Amino acid sequence: MDFTPHTADDVRTMLAELGMQDLRELYADLPPEILEPQLNLPEPLSEQEVLAHLQELAARNQTAAKSFLGGGVRPHFVPSLVPALAQRGEFLTAYTPYQPEVSQGVLQAIFEYQTMIAELTGLDVSNASLYDGAEALAEGVLLALRQTRRMGVVVSQGVHPEYRQVLTTYLHAVGAEMRTVALEGGLTPAAQFDDSVGAVVLQSPNFIGAIENPEPWIAAAHQAGALVVYVADPLSLALLKTPGEWGADVAVGDGQPLGNAMSFGGPHFGYIAVREKLLRQLPGRLVSETRDVDGRRGYVLALAAREQHIRRAKAKSNITTNAQLTALIGAMYLASLGPAGLAEVATTAVVRAHELAAALAEIDGVELATPQPLFNEFALRLPRPAEEVRAALAARGWHAAAPVPAEYGENLALFAATERHDGADIDGLRQALAEVLS
Amino acid sequence: MDFTPHTADDVRTMLAELGMQDLRELYADLPPEILEPQLNLPEPLSEQEVLAHLQELAARNQTAAKSFLGGGVRPHFVPSLVPALAQRGEFLTAYTPYQPEVSQGVLQAIFEYQTMIAELTGLDVSNASLYDGAEALAEGVLLALRQTRRMGVVVSQGVHPEYRQVLTTYLHAVGAEMRTVALEGGLTPAAQFDDSVGAVVLQSPNFIGAIENPEPWIAAAHQAGALVVYVADPLSLALLKTPGEWGADVAVGDGQPLGNAMSFGGPHFGYIAVREKLLRQLPGRLVSETRDVDGRRGYVLALAAREQHIRRAKAKSNITTNAQLTALIGAMYLASLGPAGLAEVATTAVVRAHELAAALAEIDGVELATPQPLFNEFALRLPRPAEEVRAALAARGWHAAAPVPAEYGENLALFAATERHDGADIDGLRQALAEVLS
Amino acid sequence: MKRDFPTVFERSRSGRRGTRPPAPPKADLESLLGTANLRAAPPRLPELDELSVVRHYTNLSRRQVGVDTNFYPLGSCTMKYNPRAYEAAAALFGELHPYQDPNTAQGALQIIYELQQYLAEITGMDAVTLQPAAGAHGELTGMLLIRAYHESRGEGEQRRVVLVPDSAHGSNPATASMAGYQVQEVPSGPDGEVDLEALRAALGPHVAAIMLTNPNTLGLFERKILELIDAAHEQGVQLYYDGANLNAIMGWARPGDMGFDAVHLNLHKTFSTPHGGGGPGSGPVGAKAHLAPFLPVPTVKREGERYLLDYDRPQSIGRMRSFYGNFAVMVRAYAYIRMLGAEGLKKTSALAVLNANYLRKRLSWAGYPIPYDRLCKHEFVAQPPEGLKALDVAKALLDYGYHPPTIYFPLIVKEALMIEPTETESKETLDEYVRAMAEIAKRGLEDPEWIAHTPYETPVRRLDEVTANRHPVLRWRPEET
Amino acid sequence: MKRDFPTVFERSRSGRRGTRPPAPPKADLESLLGTANLRAAPPRLPELDELSVVRHYTNLSRRQVGVDTNFYPLGSCTMKYNPRAYEAAAALFGELHPYQDPNTAQGALQIIYELQQYLAEITGMDAVTLQPAAGAHGELTGMLLIRAYHESRGEGEQRRVVLVPDSAHGSNPATASMAGYQVQEVPSGPDGEVDLEALRAALGPHVAAIMLTNPNTLGLFERKILELIDAAHEQGVQLYYDGANLNAIMGWARPGDMGFDAVHLNLHKTFSTPHGGGGPGSGPVGAKAHLAPFLPVPTVKREGERYLLDYDRPQSIGRMRSFYGNFAVMVRAYAYIRMLGAEGLKKTSALAVLNANYLRKRLSWAGYPIPYDRLCKHEFVAQPPEGLKALDVAKALLDYGYHPPTIYFPLIVKEALMIEPTETESKETLDEYVRAMAEIAKRGLEDPEWIAHTPYETPVRRLDEVTANRHPVLRWRPEET
Ligand SMILES: Cc1ncc(COP(=O)(O)O)c(C=O)c1O
Ligand SMILES: Cc1ncc(COP(=O)(O)O)c(C=O)c1O
């Protein structure tokens with residue numbers, strides 16, 4: 001079925017208005033040689049049929065298993081009010097709030113979201129959202145290069161490998177140079193930067209879960225006149241010292257942990273926050289408070305001169321559509337949990353991760369590869385390739401042991417804990433892993 | 001967790017305002033001997049925990065099986081827009097629209113629902129809804145007795161047995177007399193009524209699925225000065241001659257087939273429709289169109305003098321809370337399918353029911369107990385008790401063969417088809433039943 | 001630019017299609033169903049595309065307020081927050097059929113069974129049925145239990161009267177009538193409670209039962225409840241508890257301990273299931289042991305690890321509803337009780353009472369007389385300042401963004417404003433509400449024209465109810481356009 | 001009585017709790033995490049009860065319009081109906097983790113794989129990646145493919161320029177810059193199409209690519225497209241197709257058949273996934289065989305009955321996004337294509353074009369000049385009658401219940417009103433819209449004061465954007481209250 005409201009009569013009348021008799025005439029200005037290809041697509045289905053089909057496909061995925069998978073995306077609990085509110089048609093089916101008088105809902109929600117991200121990161125300003133953590137990182141680095149007018153980038157290997165890959169793609173495009181500093185003992189070693197370096201990137205907790213001490217890097221970067229881009233899981237910021245407190249200039253990360261379903265990796269949202277002085281380098285949309293002609297408070301898109309639709313080839317970024325609804329979900333999640341709830345979610349995750357790490361490291365041949373202190377994820381060195389272990393665990397009803405790329409070492413696997421895990425789950429996974437490895 | 005917003009500070013300040021220090025003082029006017037019982041209830045849970053617990057309970061129900069169960073409640077497909085719209089907070093969390101200026105949403109939806117029910121039944125007016133089909137029947141019969149000032153009721157055995165049980169309870173309460181006329185060959189036989197009879201009740205398609213010819217009963221009832229209450233599945237009215245066309249005075253039924261989840265039997269909604277002359281006997285709420293002081297069209301509750309909150313002991317019924325949201329779902333369902341869609345749903349069900357009946361009746365020892373023409377349900381006579389067969393089918397992943405009460409005959413089982421069934425399902429059930437009975 | 005909001009029928013166009021079911025198989029309906037059995041013409045349902053359906057109902061909802069949008073202190077209705085989690089919970093059970101093999105519905109039966117137990121515990125009753133579909137339906141169930149009890153003792157003929165206080169909710173007397181009883185009103189005393197002497201005088205062997213709400217509809221706890229019940233019981237009279245107001249005393253006192261014989265609850269009030277614009281609800285009934293044999297069939301019982309539907313109840317009053325009641329509502333209430341636990345329920349009631357008393361005090365200072373100005377429970381009744389009408393205050397409130405209280409009920413208070421804030425509203429909300437009420441009082445007295453024409457900012461303004469009652473228009477007809 | 005709508009922070013009260021997670025285990029965070037690693041103070045997030053959260057966002061949404069509430073003919077954005085079924089469909093996959101064993105995610109991989117195939121078929125391309133998160137992200141992906149292609153042929157250094165018509169969407173030149181290219185604008189001719197001669201003149205061995213939308217942002221099909229592409233190809237220039245406007249021609253013509261080398265699509269426009277107030281979207285990229293080796297990793301391939309993530313693509317430009325793209329958006333688009341099938345897609349485009357042309361004709365009669373008044377595709381550009389501003393017409397439309405068109409774009413038309421009705425709007429809606437536009441034109445010319453101060457009935461009226469840009473206030477601060 002399709003979703004057109006036209007009755008046969010409507011089509012006739014409307015065509016007549018145009019002096020036409022057949023819909024084909026609407027395509028009379030196309031070259032005939034390319035007109036009306038035969039598309040080879042499956043036969044149309046009704047809603048009932050397509051949902052039944054998708055249910056079958058969904059059943060081919062194993063989702064009932066308890067999951068300890070991490071890598072920046074984790075199975076958190078989403079309070080029911082979040083999707084219920086986010087799915088309200090006004091939020092779901094609006095677009096970019098170009099007409100502020102009828103878009104105060106989205107605009108105010110963005111303004112509040114910007115504030116929450118600034119609070120979480122300890123920085124001054126945030127924007128309306130970016131695509132995901134990886135793109136946010138790339139935009140953050142490009143921003144730093146624009147500001148410093150330099151083309152060198154140094155990245156810690158502790159940054160999520162997929163984020164580094166995306167960054168590489170973006171940097172290659174603009175001809176920037178990127179150097180990676182390998183982890184040592186699971187942590188980013190001290191480094192020196194010369195004055196070609198415009199951006200220095202590190203992540204804490206890093207990809208294998210260790211909490212970094214960013215101080216030396218930040219000091220060295222600032223010394224060299226570079227800006228620091230800090231990748232942080234927003235949930236960790238409920239407890240950990242903020243990028244702002246450490247002295248970073250830019251914070252970026254992925255918003256999945258804040259109320260967004262995992263959805264096989266997307267959509268989530270990317271956040272970015274910067275110090276005030278970098279404001280005009282920010283990519284994407286910004287919302288400002290203002291007043292209407294009657295003196296009532298309202299919100300508008302601001303500083304659009306940075307954006308593609310005004311600045312075109314000179315825009316700070318090409319980003320247009322961002323991740324509004326998933327960012328809104330993030331804001332709703334934060335509003336429903338509040339600082340206390342968020343801290344509780346994080347605390348449970350931390351405790352469970354430590355319990356889990358201790359429990360699993362006891363298994364013969366298994367070794368904790370992440371130095372303490374770790375947060376909610378950690379890597380284990382397994383006696384066998386992680387892919388095999390992950391598959392064997394899945395067969396036992398556990399999703400865990402995400403393979404860590406070989407650049408970090410042999411047979412490393414990532415584990416994460418969340419507030420959805422309890423002692424029994426930890427015990428269950430321990431037993432399953434022991435079985436798999438025995 | 002609970003849902004109170006009070007901070008410790010709030011509680012203190014508010015108590016102080018009352019000259020109190022402890023919440024206990026709020027209960028100082030209760031007899032001390034009954035104060036503060038220790039309630040033995042399970043420990044409190046968080047949302048996450050209670051949902052996990054309910055998911056476990058839900059997993060103890062078998063719902064993945066294809067269902068051919070009927071008896072007035074059937075597994076129809078519900079278009080996704082229906083729950084999405086019905087769950088909008090304004091519909092979900094409003095109550096009876098006593099303040100029409102801020103309740104036009106609910107009021108207009110009821111007005112439209114009333115119209116749709118009138119259209120479906122071929123009668124003049126309907127109300128805002130009743131609890132379910134059974135209570136609607138009881139209210140319909142009481143209405144007829146009030147109007148005719150008689151106390152005799154004659155009911156066809158073709159009426160759903162649970163509806164008849166509820167009717168019995170209600171009639172016993174007011175001291176009315178009820179006589180049941182047994183089916184003959186699966187159909188209601190001709191009957192005569194004397195002038196003690198105020199209400200005559202029949203159902204078509206009847207409980208075992210046969211389409212009745214109500215003409216003789218209606219003629220005889222009217223001859224005797226009785227009113228006719230006609231029980232009809234609303235989906236059947238997409239195709240079948242309406243209670244209004246046949247000459248019935250009152251139509252009642254259950255709204256589950258119109259977009260409501262089965263939910264183990266409820267909530268659904270009961271509908272009632274009557275001829276204009278019976279309007280002032282209608283129980284429950286009614287919404288009327290009117291105009292506001294500026295001349296704009298609007299809707300209000302009307303004729304409330306029939307209701308308990310005005311008429312008290314003399315009210316037409318005690319009904320207060322009805323089934324607004326589920327009736328709204330019914331209206332949304334009808335609006336999304338329209339007359340053509342509804343007819344298609346019904347047609348598929350009819351065809352599949354005939355195919356299924358033919359297929360199953362071929363199995364050795366199985367016999368069709370419903371005379372033709374049947375609609376979307378039918379009864380089979382099985383060689384073994386229906387409970388056993390139902391259990392054996394369930395073990396094979398099929399829900400079917402709802403036991404028919406013994407008053408209708410030995411080893412009868414009910415089957416229903418809907419638009420969710422296709423040829424493969426029919427074949428599958430046939431094979432399963434053949435296996436179970438072999 | 002405000003125009004009439006179109007009806008769904010006015011949006012319809014002949015031949016337009018919305019959601020399409022799978023294409024139906026070719027069918028000769030005349031032969032399958034019989035030509036004589038087919039309707040002459042299809043029902044004139046609206047013909048809409050999906051977008052029009054979505055827009056229509058979305059915009060309708062935007063012409064509606066609810067607890068989700070506004071403070072809604074509708075007295076006696078307990079308009080508390082409805083947790084969204086319970087919608088997700090209820091959806092888990094949507095695909096369960098009432099006639100599927102009970103062995104394949106053990107999770108659902110367990111919920112029913114445990115909820116029966118919890119509600120018995122909360123009310124101090126011995127047995128509970130979850131079958132009734134709403135409070136009034138519960139009342140009828142309860143009164144039929146009492147009637148069956150009297151009949152079982154041979155007193156059915158003799159006990160024909162039910163006593164109901166004049167402050168009672170309308171459904172009480174209406175129910176007593178439907179249960180076949182004559183209703184006799186008992187006056188309230190000057191303290192707003194039932195006049196115990198008048199009640200004693202009305203008691204006797206012709207009385208079947210007393211229906212009481214406690215706290216009553218003034219929000220006052222009937223302080224002489226134990227004496228009252230003793231007096232009644234001495235005369236063989238049964239005590240029925242209308243539990244619509246249980247939100248005041250959950251965990252603090254139990255109707256069963258007070259001596260009540262039967263009670264109904266409103267899961268859609270006390271136990272936080274949404275009101276849905278007027279329903280559906282659920283009205284479980286609890287009964288003391290001597291009434292338990294009469295409970296409707298089926299109930300759910302437990303045998304070892306299995307849960308069974310029990311139809312074998314020879315003294316039962318019969319059935320009150322098809323199937324097992326409003327199951328999806330039960331799931332919500334079950335989840336609520338499991339989340340709150342005993343402490344949470346108790347705290348909930350205490351804070352509902354705190355909110356009500358705080359608001360009573362503040363409103364009284366703001367110039368609204370409180371006819372029975374003492375410690376109230378979850379609600380209280382106020383009056384507008386001399387010179388204003390309850391209706392006008394209610395309409396003025398609409399422009400301030402509040403749903404008005406229940407007005408003109410209970411009947412024993414003139415110009416009654418019956419206010420129930422519930423425990424889920426914050427102190428700030430109450431404070432702002434009081435400010436609005438104070439402003440309305442002041443402005444209304446200064447400017448009677450203003451208040452008489454409120455509201456000004458709602459989607460429609462005051463509506464002509466007189467014409468609607470004289471010439472009701474109860475359905476849309478094409479001629480009207 | 002209109003007051004400032006409070007922020008979520010102003011609703012906050014210290015110590016108030018909303019949704020509570022399970023009670024955390026006792027923990028000594030200082031020792032678990034290191035004292036030096038803890039933040040000094042908790043983030044000042046709002047502290048709200050659940051009801052306040054629900055009310056805040058519900059009422060915020062009531063200050064917002066969307067396709068679900070109003071006709072929303074925002075040109076270039078394809079604001080069509082978003083079927084609710086797809087929300088249910090996407091939710092089926094919410095609990096899938098991107099790093100779970102691919103053998104336990106075969107259903108999801110199959111959807112990706114098949115959607116890749118469908119989109120290749122619809123666009124006439126050889127291979128598709130679903131990784132890009134939106135249209136602009138797709139553009140960048142596509143341009144990087146082209147760049148990698150030139151580099152692979154040793155022409156990377158030489159081809160440094162990308163040609164973009166002056167009517168192009170801003171994201172096109174912005175993308176070309178991000179891809180490391182210099183942007184050169186090509187003028188449009190008097191017919192609104194690219195000036196073929198100017199383009200020819202701009203071509204050469206220094207040009208890497210041309211980015212084109214077809215139909216272009218005026219809604220006009222570039223009739224000389226085949227010639228144009230031939231001319232470019234002759235010079236080794238690659239053709240990039242901005243598929244944001246594919247809604248005009250699905251099933252009628254394919255960019256691949258026109259000769260385009262790479263294309264992105266906007267699933268959130270053409271394929272009916274919701275816009276979410278500004279995203280997330282999905283911007284798949286299709287490539288001809290010669291560009292396919294450069295597609296980002298991973299793609300999904302099929303081996304027998306198994307679906308695999310293919311990382312082994314040595315010439316790949318690398319990764320554009322973490323994981324596999326916006327999967328939940330893909331599910332919606334997959335469902336849409338499966339429901340419509342080839343015929344439905346074709347009908348959809350034809351009716352989108354019919355609606356646009358009908359509206360163009362009617363608006364022209366209603367007094368709105370159409371600068372390029374010929375057969376258009378899914379959208380067209382109009383202008384206000386002489387004497388009116390596009391901005392004022394837009395603001396006046398708000399009081400009539402319409403979301404305005406895109407204004408002041410494309411840049412080549414003065415006072416542009418860029419109108420895209422989409423196929424999911426009915427003839428009546430278009431007719432009513434024309435009536436409103438006609439009334440606005442008439443009244444606006446008669447009463448300039450009126451139109452200059454529109455809107456009057458929206459939650460806020462015209463807002464001070466100048467101050468917002470001079471002194472932006474980008475976050476809430478407690479001091480401000
Ligand atoms: C005191 C009282 N009793 C009984 C009822 C009837 O309950 P229900 O509306 O659920 O039928 C109500 C509510 O309407 C009530 O407030
Ligand atoms: C013509 C055109 N090209 C590209 C884009 C960019 O797409 P997106 O917003 O998905 O990034 C848009 C939409 O904004 C557009 O209209």
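Side chains included, hydrogens not; waters and symmetry mates left out as well; all remaining heavy atoms used. All figures in this text were calculated on a predicted structure; none of them were measured in a lab. First the proteins, then the strands, lettered A, B, ... as listed; each starts at 1.
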Please report the shortest heavy-atom distance between A:R88 and D:S61, naming the atom on each side.
NE-OG, 2.6 Å

Gap separating the CD1 atom of A:I319 from the OG1 atom of D:T175, nearest 0.5 angstrom:
10.5 Å

Identify whether the distance between the nearest side-chain nitrogen and carboxylate oxygen of D:K427 and A:E17 falls below 4.0 Å.
no

Residue pair A:P44 / D:L340, side-chain heavy-atom distance below 4.5 Å:
no

Which atoms of D:L29 are under 4.5 Å from chain A, going by heavy atoms: the side chain, the backbone, both sets, or neither?
side chain

Kindly indicate whether the side chain of D:I225, heavy atoms from C-beta on, has any atom under 4.5 Å from the side chain of A:P31.
yes

Would a line drawn from the ring center of A:H309 to the ring center of D:F409 be shorter than 6.0 Å?
no

Mind checking whether D:H453 and A:V293 have side chains closer than 4.5 Å, heavy atoms only?
no

Give, as side chain, backbone, both or neither, the part of D:L226 having an atom under 4.5 angstrom from any heavy atom of chain A.
side chain

If you apply the rule side-chain hydrogen bond (donor to acceptor under 3.5 Å, both in side chains), what do you find for D:E95 with A:H399, and how did you get there?
CA-CA 11 Å; D:E95 286 277 71; A:H399 284 317; over 6 Å; no

So D:Y324 and A:F264, would you call those rings parallel, tilted or perpendicular, with 30° and 60° as cut-offs?
tilted

Checking heavy atoms, do the side chain of D:R321, its backbone, both or neither come under 4.5 Å from chain A?
both

For D:L474 and A:T115, the nearest pair of non-hydrogen atoms, with its separation, is O-OG1, 4.4 Å

Is there a side-chain contact between D:N82 and A:L92 in this structure, where contact means two heavy atoms from C-beta onward sitting under 4.5 Å apart?
no

Side chains of A:L328 and D:Y57: does their closest heavy-atom pair fall under 4.5 Å?
yes

Parallel, tilted or perpendicular, judged at 30° and 60°: which one describes the rings of D:W252 and A:Y27?
parallel

Are any of the side-chain heavy atoms of D:L74 and A:Q99 separated by less than 4.5 Å?
no

Sidechain N-carboxylate O distance under 4.0 Å for D:K346, A:D2
no

Looking only at side chains, do D:Q110 and A:R60 share a donor and an acceptor under 3.5 Å apart?
yes

So do A:Y98 and D:T406 actually touch side chain to side chain, heavy atoms under 4.5 Å?
no

Given heavy-atom pairs under 4.5 angstrom as the criterion, report whether the side chain, backbone, both or neither of D:Y72 touches chain A.
side chain

Closest non-hydrogen contact found for D:D4 with A:R291 is OD2-NH1, 3.0 Å

Hey, are the side chains of D:I122 and A:L41 touching, using non-hydrogen atoms and a 4.5 Å cut-off?
yes

